[in-house]
Undergrad: 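I'd like to ask some things about the structure below.
Being a predicted model, the structure only gives us computed values, none of them experimental.
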Amino acid sequence: MKKVVLMVLACSLAAGCATTPKSKYKSVNENEVPEKYTKDFHKRRADIEQVSWQMVDSNCYIASFKSNDNLVNMKFKNTAVETSWNVPMEYTPSNIIDYIKANYDGFKIEEVNIVEIRNKKTYRVDLAKKKETKLLEFDLMGEFIREVEL
């Protein structure tokens, strides 16, 4: 009986690992990232020791790390640095959820982030309905700003 239970657990674990979504960007070592981005990252986040890097293109790299048990991404581009913090659903403002229910029938909230670009913070909400996706932007008070073109 123990062997059967262990076998079922092993199969479940293997199936779960096989269905883990992969990033659409290429993982790179820090030494493959342009020095201006790594220096900027370590200047801004000297407290972070474990970081993984991804290359979007030759001018854009993403540093991903955990800070206070929260996933943070910093996107470095020639023109700006974009920082995003994942927001758990229980901390998402209720007026954002209400707005989506009233105006985006059938869509499901996939992810909520606070995004900071040039010292301006907004909520960004990823929605999905079958194969259709949308990205909405809200101010920090939870008021709708716009639908972002993808």
Side-chain angles (χ1 to χ4, degrees), residues 9 11-30 32-150:
L9 286 173
C11 289
S12 298
L13 180 61
C17 291
T19 60
T20 302
K22 296 197 180 213
S23 174
K24 57 186 172 186
Y25 304 122
K26 178 185 173 192
S27 291
V28 293
N29 292 321
E30 188 168 313
E32 298 174 84
V33 177
E35 186 178 6
K36 65 182 177 181
Y37 297 147
T38 58
K39 279 186 174 182
D40 191 12
F41 174 79
H42 290 294
K43 180 180 162 190
R44 292 171 187 259
R45 300 307 301 254
D47 60 320
I48 301 299
E49 294 177 11
Q50 289 189 338
V51 59
S52 61
W53 288 90
Q54 295 177 315
M55 182 175 80
V56 176
D57 61 38
S58 62
N59 294 313
C60 183
Y61 290 81
I62 298 172
S64 300
F65 57 94
K66 283 213 167 197
S67 178
N68 298 324
D69 291 328
N70 195 5
L71 179 62
V72 181
N73 291 313
M74 293 180 76
K75 184 185 284 186
F76 293 86
K77 301 184 269 187
N78 284 335
T79 56
V81 175
E82 177 181 309
T83 305
S84 65
W85 298 265
N86 187 265
V87 178
M89 282 303 295
E90 61 265 23
Y91 298 117
T92 302
S94 59
N95 50 335
I96 290 177
I97 295 168
D98 294 342
Y99 181 87
I100 292 167
K101 285 179 183 175
N103 296 285
Y104 290 88
D105 187 43
F107 279 87
K108 179 183 173 207
I109 297 174
E110 294 290 310
E111 186 174 64
V112 179
N113 291 292
I114 292 178
V115 177
E116 179 180 14
I117 304 172
R118 294 184 183 96
N119 296 321
K120 181 184 177 195
K121 292 180 182 176
T122 57
Y123 281 98
R124 292 243 175 121
V125 181
D126 293 308
L127 302 178
K129 177 171 135 178
K130 295 184 183 178
K131 292 186 178 183
E132 187 178 1
T133 60
K134 295 198 180 282
L135 179 60
L136 307 181
E137 188 172 42
F138 296 84
D139 67 19
L140 289 183
M141 299 303 292
E143 297 298 319
F144 179 76
I145 297 174
R146 68 188 175 112
E147 188 172 313
V148 179
E149 293 295 321
L150 298 175

Undergrad: Would you mind reporting whether Tyr123 and Pro93 have side-chain heavy atoms less than 4.5 Å apart?
TA: yes
Undergrad: Compare all side-chain heavy atoms of Val72 with those of Thr83 and state whether any distance is below 4.5 angstrom.
TA: yes
Undergrad: Whether Lys36 and Asp40 form a salt bridge (side-chain N of Lys/Arg under 4.0 Å from carboxylate O of Asp/Glu) is what I want to check.
TA: no
Undergrad: With a 3.5 Å distance limit and no angle check, can you tell me whether Glu132 reaches the backbone of Lys129 through a side-chain donor-acceptor pair?
TA: no
Undergrad: Report the C-alpha distance between Tyr61 and Glu30 in whole Å, list the side-chain angles of each, state the deciding distance to 0.1 Å, and finish with yes or no for side chain to side chain donor-acceptor pair (under 3.5 Å).
TA: CA-CA 10 Å; Tyr61 290 81; Glu30 188 168 313; over 6 Å; no
Undergrad: Do side-chain atoms of Asn103 reach the backbone of Tyr99 as a donor and acceptor pair under 3.5 angstrom?
TA: yes
Undergrad: Return yes if some donor-acceptor pair links the side-chain N/O of Asn95 with the main-chain N/O of Met141 below 3.5 Å, else return no.
TA: yes
Undergrad: Would you say the side chain of Val56 lies within less than 4.5 Å of the side chain of Ile62, judging by non-hydrogen atoms?
TA: yes
Undergrad: Determine whether a donor-acceptor pair (N or O, by modelled atom type, separation under 3.5 Å) exists between the side chain of Asp57 and the backbone of Asn59.
TA: yes
Undergrad: Cationic tip of Lys26 within the cone over Trp53's six-membered ring, i.e. under 6.0 Å and within 45° of the normal?
TA: no
Undergrad: When you look at Ser67 and Arg45, which way does the side chain to side chain donor-acceptor pair (under 3.5 Å) test go after all the steps?
TA: CA-CA 10 Å; Ser67 178; Arg45 300 307 301 254; 3.1 Å; yes
Undergrad: Is any side-chain heavy atom of Ile96 closer than 4.5 Å to a side-chain heavy atom of Val112?
TA: no
Undergrad: Begin from the C-alpha positions of Tyr91 and Asn86 and carry the test side chain to side chain donor-acceptor pair (under 3.5 Å) through to its verdict.
TA: CA-CA 10 Å; Tyr91 298 117; Asn86 187 265; over 6 Å; no
Undergrad: Hey, which of Lys134, Lys108, Glu110 is the one that makes side chain to side chain contact (heavy atoms under 4.5 Å, CB included) with Asp126?
TA: Glu110
Undergrad: Between Glu82 and Val115, is there a side-chain heavy-atom distance shorter than 4.5 Å?
TA: yes
Undergrad: Is a side-chain N or O of Asn68 found less than 3.5 angstrom from the main chain of Asn70, in a donor-acceptor match?
TA: no
Undergrad: Can the ring centres of Phe41 and Phe65 be said to be less than 6.0 Å apart?
TA: yes
Undergrad: Any side-chain heavy atom of Leu135 within less than 4.5 Å of one from Leu127?
TA: no
